[in-house]
4 protein chains.
Amino acid sequence: MSVVPRQTTNAPGDPAAAAPERKLTARGRERRSQLIDYATKRFADDGFHPTSVADIVDGIGVGKGVFYWYFSSKEELFTEILRTAQTDLRRTQRKAIGGIDDPVRRIEEGIRAGALWMANNPDLRRLFEFARTDESFVKAIRIGQRRHVADAVEHLQAAIDAGLIPDRDPVALAHGILGVTNQLTMTYLDGAGGGATKRSAEEVADLVVSICRNGFAGE
Amino acid sequence: MSVVPRQTTNAPGDPAAAAPERKLTARGRERRSQLIDYATKRFADDGFHPTSVADIVDGIGVGKGVFYWYFSSKEELFTEILRTAQTDLRRTQRKAIGGIDDPVRRIEEGIRAGALWMANNPDLRRLFEFARTDESFVKAIRIGQRRHVADAVEHLQAAIDAGLIPDRDPVALAHGILGVTNQLTMTYLDGAGGGATKRSAEEVADLVVSICRNGFAGE
Amino acid sequence: MSVVPRQTTNAPGDPAAAAPERKLTARGRERRSQLIDYATKRFADDGFHPTSVADIVDGIGVGKGVFYWYFSSKEELFTEILRTAQTDLRRTQRKAIGGIDDPVRRIEEGIRAGALWMANNPDLRRLFEFARTDESFVKAIRIGQRRHVADAVEHLQAAIDAGLIPDRDPVALAHGILGVTNQLTMTYLDGAGGGATKRSAEEVADLVVSICRNGFAGE
Amino acid sequence: MSVVPRQTTNAPGDPAAAAPERKLTARGRERRSQLIDYATKRFADDGFHPTSVADIVDGIGVGKGVFYWYFSSKEELFTEILRTAQTDLRRTQRKAIGGIDDPVRRIEEGIRAGALWMANNPDLRRLFEFARTDESFVKAIRIGQRRHVADAVEHLQAAIDAGLIPDRDPVALAHGILGVTNQLTMTYLDGAGGGATKRSAEEVADLVVSICRNGFAGE
DNA sequence: AATGAATGAGTCTTCATTCAT
DNA sequence: AATGAATGAAGACTCATTCAT
């Protein structure tokens with residue numbers, strides 16, 4: 001006779017719609033990944049808004065309900081993609097500069113790693129770019145970007161303190177680096193280069209590092 | 001009862017649907033401007049996809065017919081906004097460097113003018129950014145971007161030829177400048193700066209010029 | 001160049017979704033009525049939840065958009081039906097007792113008018129009944145019911161003050177009257193009478209008045 | 001891949017889909033009760049249609065399969081709730097008047113018992129009310145109501161035959177009693193009373209008896 | 001030039017129900 | 001007995017666009 005609700009569905013008043021916290025089986029986790037991967041591709045190719053949930057589930061060949069079993073909404077899925085991607089980018093950069101002592105080399109290797117990641121994950125790079133333009137996702141993207149910038153600032157400040165580079169606003173520098181990286185990877189690796197010569201990911205990474213380091217007039 | 005979209009009379013040979021070629025009265029031109037201005041604001045604030053034609057005409061307080069009297073589609077309006085904006089940006093930059101002989105100063109003043117334009121037209125800057133992410137508009141935006149880059153390349157090449165700056169790929173440099181400009185104006189003037197100090201348009205422009213010129217290590 | 005929004009769509013923060021305030025033409029007003037009438041019938045016959053917006057527009061033979069041109073949601077339409085009906089019921093009762101001096105006769109004629117209204121508007125009666133059971137509409141229905149009870153209480157109190165009827169809680173009496181009216185009109189005029197003899201609206205009205213007046217033991 | 005609803009093994013000759021006839025263990029019976037109790041609460045609070053099977057099983061913290069192990073459908077569960085409740089109400093009333101000889105007192109005590117039951121089972125009272133408004137359940141509810149009325153009629157007729165109360169249509173009287181009981185318990189015990197004073201279940205029961213007995217004008 | 005009305009395919013999302021394990 | 005996964009029809013609602021007036 002006792003009515004003991006063991007579990008409330010979703011904490012109400014939650015700012016951003018959270019994922020349905022489910023205990024997933026192996027098969028479930030696989031499905032979830034599959035949805036994320038396929039959706040990433042479609043979002044990158046066709047855009048977030050133009051890609052419908054129906055497109056996604058049809059593309060995978062499952063029923064519509066499957067989507068909502070794993071994600072509470074299309075927006076939540078997208079946010080999830082962004083979060084994962086940002087985490088991965090950060091991890092990649094950290095790994096690349098681990099063990100390097102010279103702050104300037106840390107900066108350079110960080111830039112290179114960032115550029116390579118962008119080159120290797122063109123879909124995710126595009127999603128970042130879109131997310132920045134959409135009211136619903138700016139917030140999500142800024143959290144990661146702030147951390148990203150903070151990471152770079154740390155090394156820039158160290159280099160400045162060590163007298164290795166001129167003393168300029170490190171936050172502005174970090175953003176400059178970000179801008180160059182985005183623009184060049186997009187231009188040379190995304191087919192956006194108007195008449196620009198095709199280049200390999202490594203070449204582009206070198207280019208990014210060089211421009212970030214010297215500007216157009218430096219050295 | 002069936003709704004069969006009819007082709008509007010278009011300029012022949014025009015690849016994308018063009019505006020209905022109308023001879024507008026003074027009042028008509030004003031209406032058109034009003035639509036463009038209001039739509040620009042809404043597109044920038046809420047996004048292109050989330051903003052419906054109904055939002056636009058309701059916001060102005062006119063009927064739906066008005067919209068389709070001046071534009072053949074929502075896409076056409078957006079394309080028109082982009083085209084006008086790109087033209088305006090270019091004109092602004094050209095005016096800024098007119099009469100300057102030193103190629104390096106031309107570059108710097110061009111950068112400054114570009115950054116100032118972005119700072120003064122934040123809505124349009126956002127629309128550029130979005131347009132790059134949407135399959136339907138990349139083409140439109142690239143035409144202008146290519147010209148924009150070409151302009152910069154011309155001066156960079158001149159500076160290189162004159163031995164005023166090191167000999168590096170001017171196309172890459174031009175793109176780097178673009179990236180820095182976008183990122184910094186966005187960061188410091190669009191509220192996107194995570195903890196970054198607020199700055200005036202002029203300060204930001206100086207910052208952009210400085211970073212583009214020297215990179216993080218130069219000078 | 002000026003952007004002058006003449007009219008915002010809907011006051012945001014509005015508790016209940018309000019109707020899209022439109023200037024309707026004669027044809028528009030007719031459509032709206034048609035939708036209300038048809039929906040009333042379907043809601044009464046099949047229930048509010050089981051009746052879909054598609055059912056309604058299909059039944060009338062118009063496109064789905066028509067519905068949302070006139071009503072902002074299915075709920076809003078239903079609320080509108082309730083409001084109109086309650087107003088009509090009240091007007092009917094007021095007209096019926098206008099000019100009667102004796103408070104007891106006012107009560108009796110009010111009851112009779114109420115019962116007749118219910119008998120003549122079985123669909124609306126059913127909707128009232130449903131609305132009381134649905135979280136989303138109780139509030140809407142109670143506003144009217146409170147007024148309805150207040151009206152009755154006024155006359156009951158007058159009769160008590162004049163020593164024409166025993167001094168009992170008039171609010172409780174008013175609710176009792178309501179209960180009898182609902183139950184009997186439903187039973188005898190809605191096909192809900194289990195084995196009960198069919199009766200005319202007038203007969204039922206007499207029955208309601210008689211029972212309300214005397215109870216089972218009185219007189 | 002196709003989903004073809006299969007007939008669950010039903011008691012043959014059963015008009016509506018009946019519960020799977022299972023021999024339940026002690027634990028099984030408890031689960032079933034738990035489902036019924038929790039569902040009753042949700043149906044009463046949120047409505048039958050708005051409450052999904054998922055809501056119910058999630059609220060209890062079990063899988064979907066559990067639900068369909070004990071009930072063949074959501075409708076069947078609801079019907080079951082109604083049936084049980086009606087049986088319980090009847091039993092309560094019968095017990096209350098057992099051993100009373102005077103038919104008038106039998107009527108009064110029956111009314112009181114009914115009112116008290118409603119007061120003590122507000123959720124079930126609400127479900128009765130809803131069931132009367134939904135095409136799918138009217139039939140189920142009427143069976144019980146008919147019996148309920150028949151019970152009352154029996155005593156009313158006895159009282160009339162004994163000359164203890166005036167000779168009026170006992171069926172109508174019985175329905176009148178029902179209407180008063182529903183309306184007053186709802187008003188005073190369900191928070192539906194617009195400005196009406198809160199009262200205890202016993203007070204309300206007294207009120208109901210008094211009004212049913214005397215009407216508004218009788219002694 | 002402009003309006004209110006209308007279209008209907010398409011969007012996101014829900015939900016009763018089934019099934020393999 | 002019970003679970004997580006899946007189904008897919010159906011629901012409410014949107015929206016670019018067209019049309020009669």
Side-chain angles (χ1 to χ4, degrees), chain A residues 22-28 30-32 49-57 62-75, chain B residues 1-6 8 22 24-25 27-28 31 49-57 61-75, chain C residues 22-28 30-32 49-57 62-75, chain D residues 1-6 8 22 24-25 27-28 31 49-57 61-75:
Chain A
R22 285 191 209 290
K23 303 146 198 157
L24 297 179
T25 63
R27 188 188 176 192
E30 213 172 309
R31 249 297 124 79
R32 209 181 114 96
H49 291 296
T51 301
S52 71
V53 172
D55 288 337
I56 296 168
V57 293
V62 294
K64 223 165 274 191
V66 169
F67 186 94
Y68 292 94
W69 180 257
Y70 295 100
F71 307 98
S72 63
S73 72
K74 201 179 132 187
E75 303 216 342
Chain B
M1 277 289 186
S2 68
V3 177
V4 182
R6 289 207 217 133
T8 326
R22 294 196 199 289
L24 298 176
T25 65
R27 187 186 169 200
R31 253 291 126 87
H49 290 296
T51 300
S52 70
V53 172
D55 286 339
I56 295 168
V57 295
V62 296
K64 287 246 177 74
V66 171
F67 186 94
Y68 288 93
W69 180 259
Y70 294 103
F71 306 99
S72 64
S73 75
K74 195 181 144 190
E75 302 217 342
Chain C
R22 284 190 208 292
K23 304 149 198 156
L24 298 179
T25 63
R27 187 186 177 192
E30 213 172 309
R31 249 297 125 80
R32 209 180 114 96
H49 291 296
T51 301
S52 72
V53 172
D55 288 337
I56 295 169
V57 294
V62 295
K64 220 165 281 192
V66 169
F67 186 95
Y68 292 93
W69 180 258
Y70 294 101
F71 306 99
S72 62
S73 74
K74 199 179 132 187
E75 303 217 343
Chain D
M1 277 288 185
S2 68
V3 178
V4 182
R6 289 207 217 135
T8 326
R22 293 196 200 289
L24 298 176
T25 66
R27 187 187 170 201
R31 253 290 126 88
H49 291 296
T51 300
S52 70
V53 172
D55 287 337
I56 295 168
V57 295
V62 296
K64 288 246 178 72
V66 171
F67 186 95
Y68 289 93
W69 181 259
Y70 294 103
F71 306 99
S72 63
S73 74
K74 195 182 147 191
E75 301 216 344

Exercise for review: Kindly give the heavy-atom pair with the smallest separation between Y70(B) and R31(B), and that separation in Å.
Suggested key: OH-CB, 3.5 Å
Exercise for review: Determine: side-chain N/O of Y68(B) to OP1/OP2 of dT17(F), distance under 4.0 Å, yes or no.
Suggested key: yes
Exercise for review: Would you please confirm or rule out a distance under 4.0 Å between OP1 or OP2 of dA6(E) and any side-chain N or O of R27(C)?
Suggested key: yes
Point to revise | K74(C) versus H49(C), closest heavy-atom pair with distance | key: NZ-O, 3.6 Å
Review point. Sequence neighbours excluded, which residues qualify as ring pair (Phe, Tyr, Trp, His ring centres under 6.0 Å) partners of Y68(A)?
Key: none
Practice item. Report which part of the nucleic acid K64(A) touches: base, sugar-phosphate, or nothing (heavy-atom distance under 4.0 Å, all strands). Key: base
**Study point:** Y70(C) OH - dA12(F) P separation (whole Å)
**Key:** 20 Å
Check your understanding: Using a cut-off of less than 4.0 Å, is there contact between a side-chain N or O of T25(A) and OP1 or OP2 of dA5(F)?
Key -> yes
Practice item. Output all residues satisfying side-chain hydrogen bond (donor to acceptor under 3.5 Å, both in side chains) with S52(B), sequence neighbours left out; order by chain, then residue number. Key: D55(B)
Exercise for review: May I ask you to verify if any side-chain N or O of R31(B) is less than 4.0 angstrom from the OP1 or OP2 atom of dA2(E)?
Suggested key: yes
**Study point:** Whole angstrom value for the distance that separates P of dT17(E) from CD1 of I56(D)
**Key:** 11 Å
Review point. For the pair made of NZ in K74(D) and P in dT17(E), what is the distance, rounded to whole Å?
Key: 8 Å
Revision key, fill the gap. Whichever of D55(C) and G65(B) has the more 5' nearest nucleotide on DNA chain F, that residue is D55(C)
Point to revise | DNA chain F: 5'-proximal contact among E75(B) and P50(C) (nearest heavy atom) | key: P50(C)
Exercise for review: Map every base of DNA chain F to its dot-bracket character, where paired means a Watson-Crick or G-U wobble contact with both distances under 3.5 Å and | marks a partner outside the strand.
Suggested key: .||||||||||||||||||||
Review point. Just how far, in rounded Å, is P of dT3(F) from NZ of K23(A)?
Key: 8 Å
Point to revise | Upstream residue (5' side of DNA chain E) when A54(D) and G63(C) are each assigned their closest nucleotide | key: G63(C)
**Study point:** Distance, rounded to the nearest Å, where F71(D) contributes CZ and dC15(E) contributes P
**Key:** 20 Å
Review point. Contact class for V66(C) vs. all strands (heavy atom < 4.0 Å): base, sugar-phosphate, or nothing?
Key: base
Review point. If you pin F67(D) and W69(C) to their nearest nucleotides in DNA chain E, which one's is more 5'?
Key: W69(C)
Check your understanding: What's the NE2-P distance between H49(C) and dA10(F), to the nearest Å?
Key -> 19 Å
Practice item. Can you measure from CZ (F67(B)) to CD1 (I56(B)) and round to the nearest 0.5 angstrom? Key: 5.0 Å
**Study point:** K64(D) side chain vs V53(D) backbone, donor-acceptor pair below 3.5 Å
**Key:** no
Check your understanding: At under 4.0 Å between heavy atoms, what does G28(C) touch on the DNA or RNA strands: base, sugar-phosphate, or nothing?
Key -> sugar-phosphate
Point to revise | S52(A) side-chain proximity, nearest of dT7(E), dC13(F), dT11(E) | key: dT11(E)
